[in-house]
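Reviewing the structure listed below.
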Amino acid sequence: MDDKKRTARYWMAFLILAVFLMILFVWNVNAGSIHLSVGEILNIIFRHQGDATAYNIIWEIRLPRILSVIILGGALSVSGFLLQTFFNNPIAGPFVLGISSGAKLVVALLMIYFLSRSISMGSAAMIIIGSMISMGFVLLVAKKVHNMSMLVISGVMIGYICSAVTDFVVTFADDSNIVNLHNWSLGSFSGMSWGNVKVMAIVVLLTMVIVFFMSKPIGAYQLGEVYAQNMGVNIKLFRIGLILLSSILSACVTAFAGPISFVGIAVPHIVKSLLKTARPLLVIPACFLGGAVFCLFCDLIARTVFAPTELSISSVTAVFGAPVVIYIMIRRQKRN
């Protein structure tokens with residue numbers, strides 16, 4: 001009976017997330033200067049029929065943005081889950097540990113260097129370089145600092161330093177395109193193209209497939225390193241893989257949308273509370289769906305509340321994500 005109840009709970013949780021995703025997808029497609037009925041939206045998307053202006057707005061502006069939000073939101077949430085597993089800390093996340101800020105700094109410096117020499121550089125290259133360098137800082141600190149609370153504080157300080165250097169570099173950049181990096185550094189899903197969607201989809205999909213196949217070792221690792229070793233897990237190789245995959249996902253988000261706060265911390269916790277389990281086989285796909293739903297909701301607010309002015313996505317995610325982090329810290333304090 002308990003197994004049936006658990007299975008029913010899992011199905012219900014995934015159903016809730018899927019329904020919210022569909023509702024927010026339609027709502028986001030319809031939100032803006034042109035309002036369309038659900039029937040008109042379906043005709044434009046599936047039958048390629050409808051008003052020419054509405055068709056172009058949906059296909060060239062709204063759909064690439066919505067798909068980017070789904071892909072990157074899911075990636076950021078899964079990245080947070082992997083980091084929380086790695087550090088065994090519920091408030092470890094790409095933004096808190098300074099990974100997003102480090103990736104932002106690397107992307108800004110690379111763009112300034114190459115654009116000043118009229119050299120174009122692909123997003124994939126920036127993702128790889130940004131993720132490796134930013135995660136390197138965190139791993140160096142992790143080796144020196146064994147206390148998890150101190151590690152989080154160190155990550156926050158690294159994030160502040162990287163953000164300060166980025167702001168300094170962007171402020172004194174000569175190229176007008178680089179000055180726009182300041183707006184990008186606040187976090188935004190605007191200006192996404194189908195080319196961007198293609199690159200991020202390939203990177204995230206390949207990474208997610210590898211993460212999903214690592215579900216069993218992750219589950220063993222959650223029970224302790226000794227248990228994982230006894231189960232045949234190569235701890236050193238596993239930890240390298242875990243941190244590498246997490247850094248690629250978080251840097252992919254930062255490269256395309258800028259640093260986005262609290263999604264990687266709040267969503268995994270909400271998903272685990274919804275499922276009442278920490279099994280990676282269930283939590284990983286649920287985290288992806290949850291991250292997509294959370295970011296679609298926040299992006300909708302960022303676009304519509306003060307339209308035509310658009311809010312920074314990171315500001316909106318902080319409003320909803322920060323209370324969850326505070327709740328986690330208070331609950332941990334009560335347990336201790």
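Being a predicted model, the structure only gives us computed values, none of them experimental.
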**Request:** Check whether any side-chain heavy atom of R65 sits under 4.5 Å from a side-chain heavy atom of D299, and report yes or no.
**Result:** yes

**Asked** Taking side chain as C-beta onward, heavy atoms only, is T277 less than 4.5 Å from Y10?
**Response** yes

**Asked** Does S77 use its side chain to pair, donor to acceptor, with the backbone of G264 at less than 3.5 Å?
**Response** no

**Message:** Could you report the tightest heavy-atom contact between I284 and M208, atom names first, then the distance?
**Reply:** CG2-CE, 3.8 Å

**Message:** Grouping I, L, V, M, F, W and Y whenever their side-chain heavy atoms are under 4.5 Å apart, do M22 and I71 come out in a common cluster?
**Reply:** no

**Prompt:** So if you build clusters from Ile, Leu, Val, Met, Phe, Trp, Tyr with side-chain heavy-atom gaps below 4.5 Å, do L24 and I16 land together?
**Reply:** yes

**Asked** Does one hydrophobic cluster hold both M192 and V199, with members joined at side-chain heavy-atom distances below 4.5 Å?
**Response** yes

**Prompt:** Are F81 and V211 close enough that some pair of their side-chain heavy atoms sits under 4.5 Å apart?
**Reply:** no

**Message:** Rounded at 0.5 Å granularity, tell me how far CD1 in I66 sits from CZ in F25.
**Reply:** 5.5 Å

**Asked** Are R6 and L282 close enough that some pair of their side-chain heavy atoms sits under 4.5 Å apart?
**Response** no

**Item:** Within 6.0 angstrom of F20 CZ, more than 12 heavy atoms from elsewhere
**Value:** no

**Prompt:** Do K276 and K5 touch side chain to side chain, with heavy atoms closer than 4.5 Å?
**Reply:** no

**Request:** Considering non-hydrogen atoms only, spot the tightest contact between L72 and A257 and give its length.
**Result:** CD1-CB, 4.0 Å

**Item:** Heavy-atom pair with the smallest gap, counting every atom of P64 and V197
**Value:** O-CG2, 3.5 Å

**Request:** Give a yes or no on whether I202 and L76 share a hydrophobic cluster (residues Ile, Leu, Val, Met, Phe, Trp, Tyr; joining criterion: side-chain heavy atoms under 4.5 Å apart).
**Result:** no

**Item:** Working for side-chain contact (heavy atoms from CB on, under 4.5 Å), residues C298 and F320
**Value:** CA-CA 8 Å; C298 291; F320 293 100; 4.1 Å; yes

**Asked** So which of L82, I240, L206 actually passes side chain to side chain contact (heavy atoms under 4.5 Å, CB included) with L245?
**Response** L82

**Item:** CD1-CG distance between I313 and L300, expressed to the nearest 0.5 angstrom
**Value:** 9.5 Å

**Message:** To the closest 0.5 Å, what do you measure between CG (L242) and CD1 (I235)?
**Reply:** 10.5 Å

**Complete:** Looking only at heavy atoms, the pair that brings Y227 and A220 closest together is CD2-O, 3.5 Å

**Message:** Tell me whether I210 shares a hydrophobic cluster with L205, the cluster being built from Ile, Leu, Val, Met, Phe, Trp, Tyr side chains joined at under 4.5 Å.
**Reply:** no

**Request:** Step through the shown structure and confirm whether more than 12 heavy atoms of other residues, nucleotides or ligands are within 6.0 Å of CH2 on W59.
**Result:** yes

**Asked** Does the side chain of L244 reach to within under 4.5 Å of the side chain of I248, using non-hydrogen atoms?
**Response** yes

**Message:** Nearest 0.5 Å, please: how far is NZ in K216 from CG in L281?
**Reply:** 11.0 Å

**Message:** Tell me the closest heavy-atom pair linking A292 and I70, and the distance in Å.
**Reply:** CB-O, 3.6 Å

**Shortest non-hydrogen contact between V283 and V271, atoms and distance** = O-CG1, 4.2 Å

**Request:** Determine the interplanar angle of the Y221 and F238 rings, folded into 0 to 90°, and report it as parallel if under 30°, tilted if 30 to 60°, perpendicular if over 60°.
**Result:** tilted

**Message:** Let me confirm one number: the CG-CD1 distance from N28 to I23, rounded to the nearest 0.5 Å.
**Reply:** 12.0 Å

**Prompt:** Do the non-hydrogen side-chain atoms of P268 and C287 ever get within less than 4.5 Å of each other?
**Reply:** yes

**Request:** Apply side-chain contact (heavy atoms from CB on, under 4.5 Å) to the pair F212 and V78, showing each step before the final yes or no.
**Result:** CA-CA 10 Å; F212 196 74; V78 173; over 6 Å; no

**Residue pair F288 / V204, side-chain heavy-atom distance below 4.5 Å** = yes

**Prompt:** How far does CE of M231 sit from CG of L223, to the nearest 0.5 angstrom?
**Reply:** 9.0 Å

**Message:** Would V263 and C295 count as a side-chain contact (heavy atoms from CB on, under 4.5 Å) here? Give the steps.
**Reply:** CA-CA 8 Å; V263 177; C295 285; 4.0 Å; yes

